[in-house]
Number of protein chains: 2
Amino acid sequence: MSSDNIELATVLNSAVTHLSRRIRRIDDAQDIGRARLSALSVLVFGGPRTLSELAADEMVSPATMHHVVNGLVKLRLATRRTDADDKRKTRIEVTLRGRQYMEDARQARLDFYTAHLDKLSAKERSAVAEFARLADDWVRGG
Amino acid sequence: MSSDNIELATVLNSAVTHLSRRIRRIDDAQDIGRARLSALSVLVFGGPRTLSELAADEMVSPATMHHVVNGLVKLRLATRRTDADDKRKTRIEVTLRGRQYMEDARQARLDFYTAHLDKLSAKERSAVAEFARLADDWVRGG
DNA sequence: ATAATCTAATTAGCCATGCTAAATAATAGC
DNA sequence: GCTATTATTTAGCATGGCTAATTAGATTAT
């Protein structure tokens, strides 16, 4: 572990922190809260799943996810129904309305990114693409 | 706006989303919640300020920040006192204990980053550094 | 000097989002 | 059939978000 990497980690930590805050502000412009938006995105991009699976994906307790899903269902962004094979399980599925909602929210983020990417050189865009690839590795590898 | 940039924005959005989730898990290992941790970091790195200023920094209402600061003060991570020049204003300042707390929390994040950076080539590290610089620009420029 | 207006924080009430614990119903294993 | 395990829901609490109202202090206008 070199001191250069400590310095780079510090700079990266700061950048990711500030970027996350900025993205949060974009997300906060949506009508629903962060927990609902995040759970909805798991459903939209990952497909239907049981309440417990969704809770595990989001790393919260089933009780918490129960509340979040209540909110999504109330807003007609998702539906819940008993699993066909196991009456104890509840399957959660995104609605068309929820899918459209997510698309709008995602588009707001993409607009932020593309506005900035459009101003970059090919070399800079290449660096961004490389970072995205590395970050994905980090998250997958733990 | 090119379709390549839309694709890159999509990939970057996904990477930042997943990375943020991962960082959140690291932060969640701390005893205090996100709002308190975030407010504390503003005080540690940006210095003492009034309650309203802190609320504005965190983009929440003064009433919300009032509650968050109550929590920090109760845990002795920050102090509050009436401003010397204006009796309506409350100044919030981090304690030594709070400063140490923040350092521990930050170190947990840096450990995550350095563990991954240590495995990168010089070229890859250079891309990460470039991204950090760009992201900072994006956040500053709005 | 006094009154009117503005400002900063606090209180009050409500809702969302976290948790643990307990309860209920369904399923699995013996 | 009975016991143990599993999935969800309910209950209670704390944190963190909001708006509205209140209180006290500061500034401005008369």
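Within every chain, numbering begins at 1; the chains are lettered A, B, ... in the order of the sequence lines, protein sequences first and strands thereafter. Values in this document were obtained by computation on a predicted structure and should not be read as measured data.
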Margin query: Between P on C:dA16 and CD on A:E58, what's the gap in Å once rounded to a whole number?
Written below: 18 Å
Margin query: Side-chain heavy atoms nearer than 4.5 Å, only ILVMFWY residues, links allowed to pass through others: does that put B:L75 and B:V69 together?
Written below: yes
Margin query: Salt bridge or not between A:E124 and B:R133? Use side-chain N to carboxylate O under 4.0 Å.
Written below: yes
Next item on the list: Please state how far atom CG in B:D27 lies from atom P in C:dG18, giving the value in whole angstrom units.
Entry: 14 Å
Notebook entry, point to check: For B:R88 and C:dA8, what is the distance between atoms CZ and P respectively, to the nearest whole Å?
Noted result: 6 Å
Next item on the list: Could you state the atom-to-atom distance from CD1 of B:I92 to P of C:dA8 in whole Å?
Entry: 14 Å
Item checked: Cationic N near anionic O, under 4.0 Å, B:R88 to B:D83 -> no
Checklist line | Under 4.0 angstrom between A:R34 side-chain N/O and C:dT17 OP1 or OP2 | finding: no
Next item on the list: Could you tell me the separation between the CG atom of B:D86 and the C1' atom of C:dC6, rounded to a whole number of Å?
Entry: 12 Å
Nucleotide N/O of nucleotides 18-20 of chain D paired with protein N/O under 3.5 Å:
{"unit_1": "D:dC18", "atom_1": "OP2", "unit_2": "B:S61", "atom_2": "N", "d": "2.8"}
{"unit_1": "D:dC18", "atom_1": "OP2", "unit_2": "B:S61", "atom_2": "OG", "d": "3.1"}
{"unit_1": "D:dC18", "atom_1": "OP2", "unit_2": "B:T64", "atom_2": "OG1", "d": "2.7"}

Item checked: DNA chain C-proximal residues of residues 71-79 of chain A, any heavy atom under 4.0 Å -> none
Next item on the list: Return the orientation label for the A:F112 and B:W138 ring planes: parallel under 30°, perpendicular over 60°, tilted otherwise.
Entry: perpendicular
Check: Think A:T90 has a side-chain N or O under 4.0 angstrom from the OP1 or OP2 of D:dT9?
Finding: yes
Check: Can a salt bridge be assigned to the pair A:R25 and A:D28 using a cut-off of 4.0 Å between side-chain N and carboxylate O?
Finding: yes
Checklist line | Cluster overlap B:V139 with B:M59, hydrophobic side-chain contacts below 4.5 Å | finding: no
Checklist line | Nucleotide of D:dA7, D:dA26, D:dT15 approaching B:R36 most closely (side-chain heavy atoms) | finding: D:dT15
Item checked: Atom-pair distance (CG on A:D83; P on C:dT27), nearest Å -> 9 Å
Margin query: Expressed as a whole number of angstroms, how long is the span from A:L54:CG to D:dT8:P?
Written below: 10 Å
Item checked: Path from B:Y113 to B:I26 over hydrophobic side-chain contacts below 4.5 Å -> yes
Margin query: Side-chain heavy atoms nearer than 4.5 Å, only ILVMFWY residues, links allowed to pass through others: does that put A:M102 and B:V16 together?
Written below: no
Next item on the list: Would you kindly compare A:K87 and A:A35 by the position of their nearest DNA chain C nucleotide and give the one closer to the 5′ end?
Entry: A:A35
Margin query: What contact category does A:R80 fall into here, base, sugar-phosphate, or nothing, at under 4.0 angstrom with non-hydrogen atoms?
Written below: sugar-phosphate
Item checked: Separation of atom CZ in B:R21 from atom P in C:dG18, rounded to whole Å -> 12 Å
Item checked: Under 3.5 Å side-chain donor-acceptor pair for A:R24 and B:S20 -> no
Next item on the list: Report the nucleotide, chosen from C:dA26, D:dT10, D:dA7, that has the shortest atom-to-atom distance to any side-chain atom of A:H66.
Entry: D:dT10
